[in-house]
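Just so you know, ligand 1 is whichever comes first in the structure, and atom 1 is the first atom listed for that ligand. One is the number of the first residue; the rest follow in order along the sequence.
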Amino acid sequence: MYMADTKLISKIPEGPLAEKWAKRKAEIRVVSPNNKRKLEVIVVGTGLGGASAAASLGELGYNVKIFCISDSPRRAHSIAAQGGINAAKNYQNDNDSVYRLFYDTIKGGDYRSREANVYRLAEVSAAIIDQCVAQGVPFAREYGGYLANRSFGGVQVSRTFYARGQTGQQLLLGAYAALNKEIAAGTVKSYPRHEMLDLVIINGEAKGIIARNLVTGEIERFGAHAVVLATGGYGNAYFLSTNAMNSNGSAAMQAYRKGAFFANPCFAQIHPTCIPVHGDQQCKLTLMSESLRNDGRIWVPNNMEDVLKLRKHEIKPSQIPEERRDYYLERRYPAFGNLVPRDVASRAAKERCDAGYGVNETGLAVFLDFADAIKRLGHQRVEERYGNLFQMYEKITSSSPWEEPMMIYPAIHYTMGGLWVDYDLQTTIPGLYAIGEANFSDHGGNRLGASALMQGLADGYFILPYTIGDYLSHKFAEPKTDTNAPEFAAAEKAVIDRIEKIFAVKGTETVDSIHKKLGHIMWEYVGMARNEAGLKKAIEEIGELRKEFWKTVRVPGTNEEFNQELEKALRLVDFFDIGELMARDALHRKESCGGHFREEMQTEEGETKRDDENFMYVGAWEYKGEGVEPELHKEPLKYENIKIATRNYKD
Ligand SMILES: Cc1cc2nc3c(=O)[nH]c(=O)nc-3n(C[C@H](O)[C@H](O)[C@H](O)COP(=O)(O)OP(=O)(O)OC[C@H]3O[C@@H](n4cnc5c(N)ncnc54)[C@H](O)[C@@H]3O)c2cc1C
């Protein structure tokens with residue numbers, strides 16, 4: 001058994017679940033407008049989390065500096081989000097509610113997230129849609145003008161708002177417009193093409209960052225009264241993922257090394273519907289949105305003869321009659337069918353492929369078929385719903401989903417783990433906050449589809465702008481942070497030393513070739529199925545690969561220029577540490593839950609087997625120094641408003 005840890009104070013308000021957020025807001029000290037003007041906040045990241053937070057903080061009157069890697073804030077990774085954003089509006093009159101969204105999210109996360117946070121997320125979800133509509137986000141509408149909804153995995157209602165297959169782009173344009181208003185008003189100063197390379201701590205509190213100007217290479221110091229990390233997830237530790245190529249976990253790692261605990265690093269999401277890997281030269285995987293599972297049916301042949309013919313291109317999938325098909329999700333999970341959660345759908349695809357029924361040359365693909373939907377709804381309706389996704393698929397594969405089913409396979413997509421935060425979204429470092437995918441807060445062992453955008457915008461528009469006030473209300477009498485302080489000089493020197501060390505290797509290997517090797521280790525041993533021996537091997541092999549990097553990497557050019565090889569090398573150094581931490585966390589968590597599937601812990605039917613008695617906690621890791629094993633802290637999870645059960649999507 002485990003005890004509550006004195007270093008992890010979650011600050012969950014007392015009282016009934018539905019009143020906790022109102023209670024906390026009433027307790028939070030408010031900063032007056034004239035004092036807000038004296039306070040500075042750094043926001044790192046301009047995805048939906050960062051852009052919404054910075055716009056809201058600017059509008060409140062704080063002085064905000066916002067940083068991103070891309071040439072414009074509006075090119076953050078959030079722009080890739082396709083399928084939609086959840087909210088408990090009950091527009092469909094299908095019995096949706098705040099409670100149901102809360103329940104689905106806790107169950108979907110396999111009972112490994114905090115009740116209070118998830119309930120608050122569901123509570124503020126409706127306001128997000130109102131805010132975005134007011135900004136002009138062109139959500140899909142019904143004939144009568146109401147906003148349209150569709151379903152995502154793990155739920156039995158339709159609560160997903162969408163803008164065709166470009167929801168993230170439209171939401172980000174809304175947040176970016178709000179951000180630009182603040183930039184024009186002077187409350188927000190934007191630093192595009194600036195990468196945070198270290199966090200500066202003074203007297204135990206976050207006071208600024210060191211950033212590299214990616215165009216000139218200049219290393220710059222920025223001070224503030226508080227720092228917010230909205231730097232996204234670390235899925236690219238696997239090299240191949242659906243994430244943007246620039247997505248990385250470095251800012252979170254810099255914070256971790258300075259004292260922020262890293263929670264549940266092993267909880268990574270594998271998305272069931274991605275375009276399968278094509279060859280060894282690929283550097284990016286493409287997602288086919290989960291929304292496609294509303295109408296698409298997933299299947300493989302139920303006999304080896306057809307499988308072999310398909311692989312040899314002797315028959316087309318459409319030639320296989322109904323009775324020779326296995327719609328395995330509909331067969332195994334009749335109540336949810338093709339809309340089971342991602343972890344369940346991914347494992348089921350792997351199970352069929354491992355059993356030999358994979359339908360492409362590599363044996364690592366299943367079909368996602370729209371023939372029924374086209375018959376039922378007609379070409380035009382299907383085109384309206386999924387047109388751009390069909391087009392994207394055809395451009396990449398040269399096969400038309402209008403004629404033959406798509407081929408899909410699971411791929412790394414999202415990371416539920418992240419910096420540990422309390423109910424106020426503050427990390428274990430006072431003055432350092434983490435929002436959006438960068439924190440661990442709401443999704444437990446598995447995130448439900450369309451809930452990441454909801455969480456990022458909930459954090460940025462409606463939670464952080466209140467909770468950060470509590471901290472800043474004690475700071476307005478403090479002078480501006482002095483970037484000449486020795487702590488800034490030391491952090492800057494450490495960054496410069498790191499860069500010089502990388503250039504000094506002068507080896508022969510490209511950064512990508514080493515990253516690819518890390519990806520292989522991660523996918524093989526810390527991927528969809530994990531076991532003790534494999535995880536130990538992963539830790540060992542990552543250690544070896546790290547050594548190889550420091551002997552063999554070659555980064556051409558200099559620091560004083562736009563140098564993407566250098567950027568990638570700096571991030572890869574952090575991916576080694578993230579990968580190792582993920583494996584360590586996965587090794588210690590001797591249970592299967594959500595996306596974390598330990599082969600030793602499964603039911604006879606191959607489903608996850610949780611161990612609530614020993615693992616119903618958030619595992620948060622504390623950095624103890626280079627080459628030293630990190631220390632695990634445990635935040636027990638209490639379920640007072642939901643009955644803990646084995647996840648069931650069958651009936
Ligand atoms: C293909 C795809 C489709 C998706 N579709 C959906 C969907 O339909 N619905 C849904 O809910 N979710 C979806 N998701 C997940 C969702 O898009 C992300 O979880 C979410 O957008 C993350 O937002 P964020 O603000 O936390 O971070 P991001 O959007 O990842 O932004 C990170 C920001 O941090 C900056 N940054 C990172 N490191 C540094 C640094 N060191 N210094 C300075 N800046 C830095 C980046 O430049 C960027 O601006 C999808 C994900 C993918 C990959």
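Side-chain polar atoms of N388 and Q82 form no donor-acceptor pair below 3.5 angstrom. Between the side chains of D295 and Y386, a donor-acceptor pair is found at a separation under 3.5 Å. For the residue pair T160 / N86, a side-chain donor-acceptor distance below 3.5 Å is found, with atom types taken as modelled. Inspection of the Q269 and D343 side chains reveals no N or O donor paired with an N or O acceptor under 3.5 Å. Between the side chains of N236 and S241, at least one donor N or O sits under 3.5 Å from an acceptor N or O.
Protein heavy atom at the shortest distance from atom 13 (C) of ligand 1 is A81 CB, 3.8 Å. Among protein heavy atoms, atom 51 (C) of ligand 1 sits closest to H413 CE1, 3.2 Å. With hydrogens left out, the protein atom closest to atom 38 (N) of ligand 1 is N248 ND2, 3.5 Å, a heavy atom.
Contacts between T286 and ligand 1, counted as non-hydrogen atom pairs separated by less than 4.0 Å, are absent for every part of the residue. Only the backbone of H194 comes within contact range of ligand 1, with a heavy atom under 4.0 Å; no side-chain atom does. Only the side chain of V44 comes within 4.0 Å of ligand 1, counting heavy atoms alone; its backbone N, CA, C and O stay farther away. Of all the heavy atoms of L287, the ones lying under 4.0 Å from any atom of ligand 1 belong exclusively to the side chain.
Contact atoms of ligand 1 toward S78: 20 (C), 21 (O), 22 (C), 23 (O), 24 (P), 25 (O), 28 (P), 29 (O) (distance under 4.0 Å to a heavy atom of the residue). Near A230, meaning under 4.0 Å from any of its heavy atoms, are these atoms of ligand 1: 32 (C), 33 (C), 34 (O). For ligand 1, the atoms lying closer than 4.0 Å to a non-hydrogen atom of Y414 are 19 (O). Listed by number with element, the atoms of ligand 1 under 4.0 angstrom from any heavy atom of A76 are 48 (C), 49 (O). Ligand-side atoms of ligand 1 in range of G83: 7 (C), 8 (O), range being under 4.0 angstrom from any heavy atom. For ligand 1 and S451, the ligand atoms under 4.0 Å from any heavy atom of the residue are 11 (O). Near G436, with a cut-off below 4.0 Å to any heavy atom, the atoms of ligand 1 are 26 (O). Short contacts between ligand 1 and G45, defined as distances under 4.0 Å to a heavy atom of the residue, involve ligand atoms 33 (C), 34 (O), 35 (C), 49 (O).
Annotation: G84 places an N or O atom under 3.5 Å from an N or O atom of ligand 1; distance criterion only. The shortest N/O to N/O separation between A452 and ligand 1 falls below 3.5 Å. By the 3.5 Å distance cut-off applied to N or O atoms, T46 is counted among the residues near ligand 1. At least one N or O atom of M196, backbone or side chain, sits closer than 3.5 Å to an N or O atom of ligand 1. Remark: ligand 1 and Q82 share an N or O pair separated by less than 3.5 Å (distance only, no angle test). For ligand 1, one of its N or O atoms has an N or O atom of I69 under 3.5 Å away. Not one N or O of A80 is nearer than 3.5 Å to an N or O of ligand 1, by distance alone.
Residues D512 and K516 are not paired through a salt bridge, judged by the lack of any N-O separation under 4.0 Å between the basic side chain and the carboxylate. Using a cutoff of 4.0 Å between basic side-chain nitrogens and carboxylate oxygens, K258 and D198 are scored as salt-bridged.
By the neighbour-count criterion of 12 heavy atoms within 6.0 Å, atom OH of Y103 is sparsely surrounded, having that number or fewer from other residues, nucleotides or ligands. The number of heavy-atom neighbours closer than 6.0 Å to NZ of K493, taken from other residues, nucleotides and ligands shown, is 12 or below.
The nearest non-hydrogen atom to atom 14 (N) of ligand 1, considering only E437, H77, R447, comes from R447.
Partners of T105 by side-chain contact (heavy atoms from CB on, under 4.5 Å), not counting sequence neighbours, listed by chain and number: L101, V118.
Considering F549, F239, F575 as possible partners of L518, the one that fulfils the side-chain contact (heavy atoms from CB on, under 4.5 Å) test is F575. Of the residues listed (L432, V43, V41), the one engaging V227 in a side-chain contact (heavy atoms from CB on, under 4.5 Å) is L432, and it is the only one.
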Q. How far apart are the C-alpha atoms of E565 and K568, what are their side-chain angles, what is the distance that settles it, and do they pass the salt bridge (Lys or Arg N to Asp or Glu O under 4.0 Å) test?
A. CA-CA 5 Å; E565 282 301 295; K568 286 194 286 187; 3.1 Å; yes

